[in-house]
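Below, chain A is the first sequence line, B the second, and so on; all start at residue 1.
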2 protein chains.
Amino acid sequence: MSDEFCDCNITHKERIEAVRSKLPQEEILYDLAELFKVFGDTTRIKIISALLETELCVCDIAELLHMSPSSISHQLRVLRQARLVKPRKEGKVVFYSLDDDHIKHLFDQGLEHILEPRGSYHVSA
Amino acid sequence: MSDEFCDCNITHKERIEAVRSKLPQEEILYDLAELFKVFGDTTRIKIISALLETELCVCDIAELLHMSPSSISHQLRVLRQARLVKPRKEGKVVFYSLDDDHIKHLFDQGLEHILEPRGSYHVSA
DNA sequence: TGAACATATGAATAATTGCTCATATATTAG
DNA sequence: CTAATATATGAGCAATTATTCATATGTTCA
């Protein structure tokens with residue numbers, strides 16, 4: 001066969017096709033990876049974690065994380081574009097808060113994985 | 001004050017300290033970002049999505065995703081180190097499966113965010 | 001209007017990362 | 001043991017990205 005990407009002889013064609021038919025659309029998986037990528041940065045996770053408590057302005061967050069307002073603003077833009085936070089303008093000040101509560105669920109679900117006791121495979125060996 | 005990281009005058013000290021006292025430990029947040037980072041790649045999300053259906057060997061996955069066994073093996077190592085997948089050896093063949101079911105919850109929670117209708121802020125404007 | 005300030009953004013740079021290629025390890029068959 | 005095969009891994013390269021610095025935008029107050 002010419003349409004092989006792996007020179008192995010042992011691939012289970014039926015199993016592969018069964019899985020392929022059940023996979024979400026390419027675009028969905030791409031967007032999903034993009035979403036997780038946004039969570040996958042220490043600065044942004046800290047911002048999200050802080051906004052889980054209360055809304056904060058850009059300078060509050062900068063002060064909280066000991067970082068420059070500029071870098072925070074850059075990261076808030078990423079979070080905005082991912083629909084994770086929303087701004088509320090009050091004069092010169094912009095307050096940010098979380099955009100919906102899926103975010104808390106995602107965050108907590110991640111925490112559970114982090115904090116759970118190690119499985120047997122990883123303990124031994 | 002000398003310990004300011006933001007030259008703004010408007011930061012709410014009390015609010016910042018209140019949030020700071022409630023933030024998870026630095027290390028927890030770091031690990032959490034690392035976990036999400038693992039989900040934040042298209043190839044790895046596809047692997048996870050496939051393993052949600054059934055266990056697969058390295059070559060199955062390579063064939064499924066039209067990628068080289070080498071690149072899949074590299075990514076499986078990342079997934080292993082994050083305790084997201086576990087190997088099962090059968091002769092020369094190594095079958096991978098998901099390590100626990102937090103993973104499905106995380107995956108589904110992410111999907112919900114992706115698929116939900118856009119909020120009002122993002123729709124208008 | 002103009003100065004001060006909070007935030008946003010573009011460009012540049014340093015660090016990270018995913019893939020490829022070459023090679024190593026491990027298992028099975030002969 | 002040797003050849004063949006499935007997987008793992010190290011080095012190198014190209015692409016992505018988080019931060020900094022300079023500058024722009026927008027709001028308030030005199």
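With sequence neighbours excluded, no residue forms a salt bridge (Lys or Arg N to Asp or Glu O under 4.0 Å) with A:Lys92. Shown here are the salt bridge (Lys or Arg N to Asp or Glu O under 4.0 Å) partners of A:Asp100, two or more places apart in sequence or in another chain: there are none. The salt bridge (Lys or Arg N to Asp or Glu O under 4.0 Å) check on A:Glu14 picks up nothing, with sequence neighbours excluded. A:Arg20 pairs by the side-chain contact (heavy atoms from CB on, under 4.5 Å) definition with A:Ile16, A:Glu17, B:Leu64, B:His66, not counting sequence neighbours.
Using modelled atom types, one finds a donor on one side chain and an acceptor on the other under 3.5 Å when comparing B:Ser68 with B:Ser71. A:Arg88 and A:Tyr96 form no side-chain donor-acceptor contact under 3.5 Å, judged by distance and modelled atom types alone.
Residues of residues 43-54 of chain B having a heavy atom closer than 4.0 Å to DNA chain C, listed by number: B:Thr43, B:Arg44.
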*Would you give a per-nucleotide map of nucleotides 25-30 of chain C, 5' to 3', where B means the base has a protein non-hydrogen atom under 4.0 Å away, S means only the sugar-phosphate does, and - means neither?*
-SBS--
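Taking only side-chain nitrogens and oxygens, B:Tyr96 never comes nearer than 4.0 Å to OP1 or OP2 of D:dA6. Listed pair A:Ser73 / C:dA8 meets the phosphate criterion, a side-chain N or O lying under 4.0 Å from OP1 or OP2. OP1 or OP2 of C:dC19 has at least one side-chain nitrogen or oxygen of B:Gln75 nearer than 4.0 Å.
Proximity note for B:Ser70 (side chain, C-beta onward) versus C:dT7, C:dC21, C:dC19: the nearest is C:dC21.
The aromatic rings of B:His102 and A:His113 sit perpendicular, their planes meeting at an angle over 60°, well past the 30° parallel limit.
Judged by ring centres under 5.5 Å apart and planes tilted less than 30 degrees, A:His74 fails to stack against the six-membered base ring of D:dT19.
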